[in-house]
**Q** 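What follows is a single structure, and I will ask about it in a moment.
Atoms within a ligand are numbered from 1 in the order they appear, just like the ligands themselves.
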Amino acid sequence: MAGDYDLVVVANRLPVDRVEEPDGSMGWRRSPGGLVTALEPVMQREDGAWVGWAGSAGDPPEPFDAEGVRCVPIGLSAEEVEDYYEGFSNGTLWPLYHDVIVAPGYHRSWWEAYVRVNERFAAAAAEQASEGATVWVQDYQLQLVPRMLRRRRPDLSIGFFNHIPFPPFEIFAQLPWRKAIIDGLLGADLVGFQRAADAGNFTRACRRASNLPGRSGRIRLDAEGGREVRAASFPISIDFATLDELAQREDIKARAAEIRRDLGNPEHVLLGVDRLDYTKGILHRLKAFEELLDDGKVSVEEAALIQVATPSRERVEQYIQLRQDVEVTVGRINGTHGTIGNTAVHYLHHSYGKEEMAALFLAADVMLVTALRDGMNLVAKEYVASRHDERGVLVLSEFTGAADELGQALMVNPHDIDGLKDTIVRALRMSPREAGRRMRALRRRVGDHDVQRWAASFLQALAEHHTTAASASVA
Ligand code: G6P
């Protein structure tokens with residue numbers, strides 16, 4: 001039976017966070033992510049519903065409306081949080097898709113929970129979607145949903161977008177359930193990726209794992225009457241205009257100046273902003289900075305590194321280990337190089353609101369993005385959007401999706417510590433003229449390719465592909 005909504009987004013998380021109101025009652029507030037910003041206007045225009053997990057274990061709340069969007073919460077038991085979310089999503093798929101930086105765990109009980117929870121999301125989406133509606137499934141936690149949805153509702157137009165990398169087949173092949181994942185994704189009409197290389201890896205995986213031929217991003221399914229699935233890249237972005245405007249506010253500029261003052265007005269402020277995740281290369285960055293201090297190339301009097309590390313997936317083993325390693329390293333650097341009045345690394349294990357983030361971006365002369373693998377890395381784009389003053393230098397890992405677009409950043413291989421050190425020194429010494437030229441080019445790119453454009457181009461490609469496929473099957 002069809003539901004009422006013409007556009008249904010299915011994502012692991014709802015676009016709202018549970019908050020306590022001043023009067024003690026519980027309410028919902030829009031979460032800060034870019035996906036929500038991009039989709040909100042479309043959802044409001046098109047009668048949209050969003051299916052997602054409310055973020056804690058237990059029975060789900062009843063569906064509710066928040067800021068013009070119907071929210072449909074999915075419940076996960078405590079065991080499902082462990083097996084589906086912390087286990088298969090973040091202990092198996094996350095490391096596997098990020099070049100096995102840490103070893104993935106392959107546990108059958110995790111897989112079974114993943115299948116069960118994906119069914120639950122698919123059933124809820126099928127219930128909400130109107131006849132012929134568009135359903136857009138997001139990310140690696142829900143790769144089986146497209147197929148499960150198509151079985152229930154062949155009338156739907158189904159899109160899937162993978163926010164993280166899709167690995168080369170030689171790595172993907174480790175997954176005992178690789179064929180089931182491919183089959184799950186191929187339930188969609190359009191499968192979107194961050195980079196052309198990810199779409200290529202997926203097409204290759206279809207051929208190698210499931211013997212399905214694919215040419216120029218089209219996979220043909222003979223078993224389904226020749227239905228074609230399109231695989232293509234749609235690099236995600238940020239809400240450029242809103243961040244640009246925010247960073248120009250007088251109070252934000254004043255706060256940026258205050259941050260520099262509080263640091264003792266050093267000549268150079270370096271900044272790292274990441275979820276505390278082993279994919280982000282935080283230890284590599286700290287090592288490079290530590291060696292620059294050891295070598296006397298920079299001193300604590302003239303340079304300070306701020307590292308914001310947002311708490312993330314705190315019960316997953318590798319994240320617990322990473323936090324210990326980072327904190328020991330920061331302690332050692334500060335113990336060795338700090339003086340009374342000068343701290344080398346300002347380590348902040350918190351999350352901050354968008355105002356404070358904009359002020360931090362404005363206060364930083366050099367932004368360090370040293371991920372070992374990253375689907376896109378939106379922090380790099382946020383830094384660029386905040387620098388209306390056309391100052392600041394972005395140091396960017398070649399292993400991010402953003403590197404495909406932001407050619408005017410200083411590129412680094414974070415595994416090459418000497419190279420990273422040289423690039424940091426180059427960034428610190430760059431003339432304002434060169435920095436300005438680079439920043440202007442970066443701002444043009446991100447300004448022209450914002451998240452609104454990303455969402456519109458994906459939805460348009462989905463509509464076009466669905467129409468072509470439908471007329472082909474009638475002919
Ligand atoms: C990445 C993933 C998202 C995820 C986010 C935060 O960006 O692509 O799907 O929501 O990390 O991780 P969390 O596990 O807290 O949802």
**Q** Of the backbone atoms (N, CA, C, O) and the side-chain heavy atoms from C-beta on, which set of Ile164 has a member under 4.0 Å from an atom of ligand 1: side chain, backbone, both, or neither?
**A**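 The answer is the side chain of Ile164.
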**Q** Does Asp99 offer a backbone N or O that forms a donor-acceptor pair with the side chain of Arg373 under 3.5 Å?
**A** no
**Q** Below 4.0 angstrom, counting only protein heavy atoms, does anything approach atom 11 (O) of ligand 1?
**A**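 Looking at atom 11 (O) of ligand 1, one finds that a protein heavy atom does lie closer than 4.0 Å.
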**Q** For atom 5 (C) of ligand 1, tell me which residue out of Glu314, Arg313, His163 has the closest non-hydrogen atom.
**A** Arg313
**Q** In this structure, which one of Trp110, Trp111, Tyr106 forms a ring-ring contact (aromatic ring centres under 6.0 Å, His included) with Phe88?
**A** Trp111
**Q** Ligand 1 and Gln141, any nitrogen or oxygen pair closer than 3.5 angstrom?
**A**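 Checking ligand 1 against Gln141, an N or O pair does fall under 3.5 Å apart.
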**Q** Side chains of Tyr278 and Asp325: any donor to acceptor distance under 3.5 Å?
**A** no
**Q** What part of Arg13, side chain, backbone, both or neither, has a heavy atom within less than 4.0 angstrom of ligand 1?
**A** side chain
**Q** Could you check whether the rings of Phe172 and Phe169 sit parallel, tilted or perpendicular, using 30° and 60° as the cut-offs?
**A**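 Rings of Phe172 and Phe169: tilted, as their planes differ by 30° to 60°.
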**Q** Just by distance, with hydrogens left out, do Gln452 and Asp239 show a side-chain donor and acceptor under 3.5 Å apart?
**A**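 Present: a donor and an acceptor within the cut-off.
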**Q** Taking it one step at a time, do Gln408 and Arg445 satisfy side-chain contact (heavy atoms from CB on, under 4.5 Å)?
**A** CA-CA 10 Å; Gln408 286 299 315; Arg445 170 73 206 188; over 6 Å; no
**Q** Just need the protein heavy atom nearest to atom 3 (C) of ligand 1, so name the residue and atom and give the distance.
**A**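 Closest protein heavy atom to atom 3 (C) of ligand 1: Asp139 OD2, 3.3 Å.
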**Q** So which protein heavy atom does atom 14 (O) of ligand 1 come closest to, and at what separation?
**A** Tyr85 OH, 2.5 Å
**Q** Check for me whether Gln138 has a heavy atom closer than 4.0 Å to any atom of ligand 1.
**A**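 Contact check Gln138 vs ligand 1: negative.
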